[in-house]
Amino acid sequence: MRTPIIAGNWKMHKTIEEAIDELKKLQPLVKDTTNEVVIYPSFFAVKPCIDTIQGSNISVGVQNMHFEEEGAYTGEVSPKMVGEITRHVLIGHSERRQYYNETDETVNNKMKAAIAHGLCPTLCIGETLEQREAEKTLEIIRTQLGSGLDGFDADKMKDVVIAYEPIWAIGTGKTATKETAQEVHANIRMLLKELFGEETAEKTRILYGGSVKPANIVELMSMDDIDGGLIGGASLKADVFSDIVNFNL
Ligand code: PEP
């Protein structure tokens, strides 16, 4: 039995004040859920958001981090700094891969650093439209998963979450059909089994991301290998996001 995770990636949206306001609206709306709820605000808003959600069932995390402990990396935040305030971190989001030179190698370094610092990383993977049309989806997923988790063993996988986010579905309004998403999720679980054994594969949560909204969460969550959602646009408004969190199968 895998507890679903519904996570909101706020990207570069919301000032500190706006973030706090939204979280205050969200708290009562999701207070009865048994799902895990995680919000990833911008760096500045992370600590104020953590202070705001004290005593609630919402967690707050960061959208990225560097892999080095410390050093001359202007503008970066280290895993040690992240670990001072939260355990949740997104690694390898496609926007970081696309705009900030994130590679499979840096993703792997960040994943290793996250585990070394006791964090719970969500490893984001997914194919472009071009790759899907060239029928390379499963090959890309194998490469991104294998290199992202290079050097991992079953023990290190305990706090790892995987997010499958087809790039063509992110922020486009085009959601993968439940069958398309399930096919890739089942494949990811099979790869996890190959790499770490059946028990780890069965325990690892695999989230779907890409234009998830209240209208499609139920059908996605009805699929065997979809264990939650990583949600961008539809996480920005508490009333919409809470409808996703409180989905009923
Ligand atoms: C995301 O950025 O992780 C995402 C899935 O965005 P959206 O829900 O807006 O497609």
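None of the values given here were measured: they were computed from a predicted structure. Note that ligands are numbered from 1 as they come in the structure, with each ligand's atoms numbered from 1 the same way.
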Contacting atoms of ligand 1, where contact means under 4.0 angstrom from a heavy atom of Gly233: 7 (P), 8 (O), 9 (O)
Gly209 N/O under 3.5 Å from ligand 1 N/O: no
Sub-4.0 Å atoms of ligand 1 with respect to non-hydrogen atoms of Glu165: 1 (C), 3 (O), 4 (C), 5 (C)
Numbering as shown, the atoms of ligand 1 that approach Gly210 to under 4.0 Å (heavy-atom distance): 5 (C), 10 (O)
Side-chain donor-acceptor contact under 3.5 Å, Trp10 with Gln63: no
Euclidean distance, Arg2 CZ relative to Asp227 CG, rounded to 0.5 Å: 4.0 Å
Stepwise salt bridge (charged side-chain N to carboxylate O under 4.0 Å, His left out) check, Arg189 with Glu202: CA-CA 7 Å; Arg189 207 172 299 286; Glu202 286 306 316; 5.0 Å; no
Val107-Val161 co-clustered via ILVMFWY side chain contacts under 4.5 Å: no
Selected option - heavy-atom contact closest to atom 6 (O) of ligand 1, from Gly232, Ser235, Ser94: Gly232
Salt-bridge present (Glu84, Lys80; N to O < 4.0 Å): no
Proximity of Ile170 to ligand 1 by residue part, where a heavy atom lies under 4.0 Å: both
Distance filter under 4.0 Å to Gly171 heavy atoms, resulting ligand 1 atoms: 7 (P), 9 (O), 10 (O)
Geometric class of the Tyr164/His185 ring pair [parallel <30°, tilted 30-60°, perpendicular >60°]: perpendicular
Salt-bridge contact Glu198-Lys193 (side-chain N to carboxylate O under 4.0 Å): yes
Nearest protein heavy atom with distance in Å, relative to atom 1 (C) of ligand 1: His93 NE2, 3.3 Å
Carboxylate-amine/guanidinium contact Lys14 Glu22, below 4.0 Å: yes
Residue Leu230 vicinity, atoms of ligand 1 by number, heavy atom under 4.0 Å: 3 (O), 5 (C)
SB check Asp104 Arg97 (cutoff 4.0 Å): yes
Any Ala234 heavy atom less than 4.0 Å from ligand 1: no
Nitrogen or oxygen of Lys11 less than 3.5 angstrom from that of ligand 1: yes
For Asn9, atoms of ligand 1 separated by under 4.0 Å from a heavy atom: 2 (O), 3 (O)
Residue portion contacting ligand 1 (non-hydrogen atoms closer than 4.0 Å) for Ala169: backbone
